[in-house]
Amino acid sequence: MDTGAGLSLFPLHRCKTIHLVRHGQGIHNVEGDKNYKAYMSPEYFDAHLTPLGWQQVDNLRKHVQTCGIAKRIDLVIASPLLRTLQTAVGVFGGVGYTDRMDVVPLMAANAGSSSRAAISSLNCPPFIAVELCREHLGVHPCDRRRNINDYQFLFPAVDFSLIESDEDTLWKADVRETIEEVAARGLKFMNWLWTRKEKEIAVVTHSGFLFHTLSAFGNDCHPLVKKEICKHFANCELRSMVIVDRSMIGTGYLTTNYPGRIPPGLDLPSDVANKKTEKGPDTNSDL
């Protein structure tokens with residue numbers, strides 16, 4: 001049967017849903033959109049969100065709540081930079097934080113000059129920071145992170161344990177990652193993402209990282225689908241995609257599958273039985 005050139009069928013346990021998000025508008029974006037050289041300015045070191053960026057975060061939060069994504073997400077992954085952490089906790093964090101000794105907030109009040117109240121870590125998925133999904137590394141101060149100890153104070157409930165060095169050893173003042181290096185790092189991140197047990201994951205990251213990473217995918221798709229996958233993200237844009245395991249790397253059993261024959265019994269399919277009737281009795285069969 002011809003299923004049509006555009007259709008594919010995969011077992012669900014060989015698929016993983018990811019919700020890719022670019023951070024809200026940062027202070028570096030405002031001048032950088034006018035003059036690319038502005039990204040070289042030291043005043044934009046680890047750029048935080050603008051008031052407009054926070055409005056974008058609030059609107060995306062309303063969207064993920066309304067469409068139901070927020071309830072389905074098992075894990076939130078964020079690049080360890082101020083603007084991505086602010087975006088991640090602002091969109092997917094809890095609400096109604098009150099100061100308690102037994103519960104730390106996702107974000108402390110006024111973190112990163114935000115003029116925002118603390119954000120609760122209750123009734124939301126876990127958050128982890130991952131270096132692999134950082135922006136294009138090197139030269140631009142806005143893409144240099146601060147020490148992890150500083151972030152842990154600002155974002156107490158975010159897990160930074162996967163980051164090996166307190167100081168930023170990846171960013172170099174005079175060396176910029178090549179596009180090929182960013183894409184290779186992105187592919188490494190996607191492969192790591194596949195090894196996670198969670199089935200639905202939000203990733204809050206950066207425009208350059210997303211563009212160069214996703215450009216490596218979709219070559220087996222229609223050109224319009226390829227364009228849909230890898231075109232540049234707007235600030236606070238979300239795109240939902242599915243990772244498919246075409247190999248035998250992921251062999252975990254899907255919890256919604258059911259093996260049948262419990263209790264066991266005769267279950268010869270009718271079409272098989274019909275073929276056996278046409279051929280006559282099979283004396284060698286033990287069915």
Got a list of side-chain donor-acceptor pairs under 3.5 Å for residues 224-232, not counting sequence neighbours?
{"residue": "Lys226", "atom": "NZ", "partner": "Ser215", "partner atom": "O", "Å": "2.5"}
{"residue": "Lys226", "atom": "NZ", "partner": "Phe217", "partner atom": "O", "Å": "2.7"}
{"residue": "Lys226", "atom": "NZ", "partner": "Asn219", "partner atom": "OD1", "Å": "2.9"}

Nearest non-hydrogen partners of Glu181 and Glu177, listed with the distance: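 Glu181 and Glu177 have their closest heavy atoms at OE1-CA, 3.4 Å.
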Minimal non-hydrogen separation, Ala70 against Gln65, with atom names: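 What the structure gives for the nearest pair is CB-NE2, 3.8 Å.
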Is there a side-chain contact between [X] and [Y], using heavy atoms and a 4.5 Å cut-off?
| X | Y | result |
| --- | --- | --- |
| His19 | Ile73 | yes |
| Glu200 | Leu75 | no |
| Pro126 | Val76 | no |

Over-ring placement of Arg61 relative to Phe92, 6.0 Å and 45° cut-offs: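 Judged by the rule (NZ or CZ under 6.0 Å from the ring centre, within 45° of its axis), Arg61 is not positioned above Phe92.
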Nearest-0.5 Å distance, CD1 of residue Ile18 to OG of residue Ser240: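 The OG atom of Ser240 is 9.0 Å from CD1 of Ile18, to the nearest 0.5 Å.
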Can you list, pair by pair, the side-chain donor-acceptor contacts under 3.5 Å of residues 33-42, counting residues two or more places apart and other chains?
{"residue": "Asn35", "atom": "OD1", "partner": "Lys37", "partner atom": "N", "Å": "3.1"}
{"residue": "Ser41", "atom": "OG", "partner": "Glu43", "partner atom": "N", "Å": "3.3"}
{"residue": "Ser41", "atom": "OG", "partner": "Glu43", "partner atom": "OE2", "Å": "3.4"}

Cluster check Val130, Phe155: I/L/V/M/F/W/Y, side chain < 4.5 angstrom: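 No, it is not one cluster - the side chains of Val130 and Phe155 are not joined through contacts under 4.5 Å.
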Using only atom types and a distance under 3.5 Å, with no angle test, would you say the side chain of [X] pairs donor to acceptor with the backbone of [Y]?
| X | Y | result |
| --- | --- | --- |
| Glu135 | Phe209 | yes |
| Lys16 | Val242 | no |
| Arg145 | Glu167 | yes |

Full working for side-chain contact (heavy atoms from CB on, under 4.5 Å) between Ser120 and Val95: CA-CA 5 Å; Ser120 175; Val95 295; 5.9 Å; no
Salt bridge Glu237-Arg22, side-chain N to carboxylate O under 4.0 Å: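 No, no charged N to carboxylate O under 4.0 Å.
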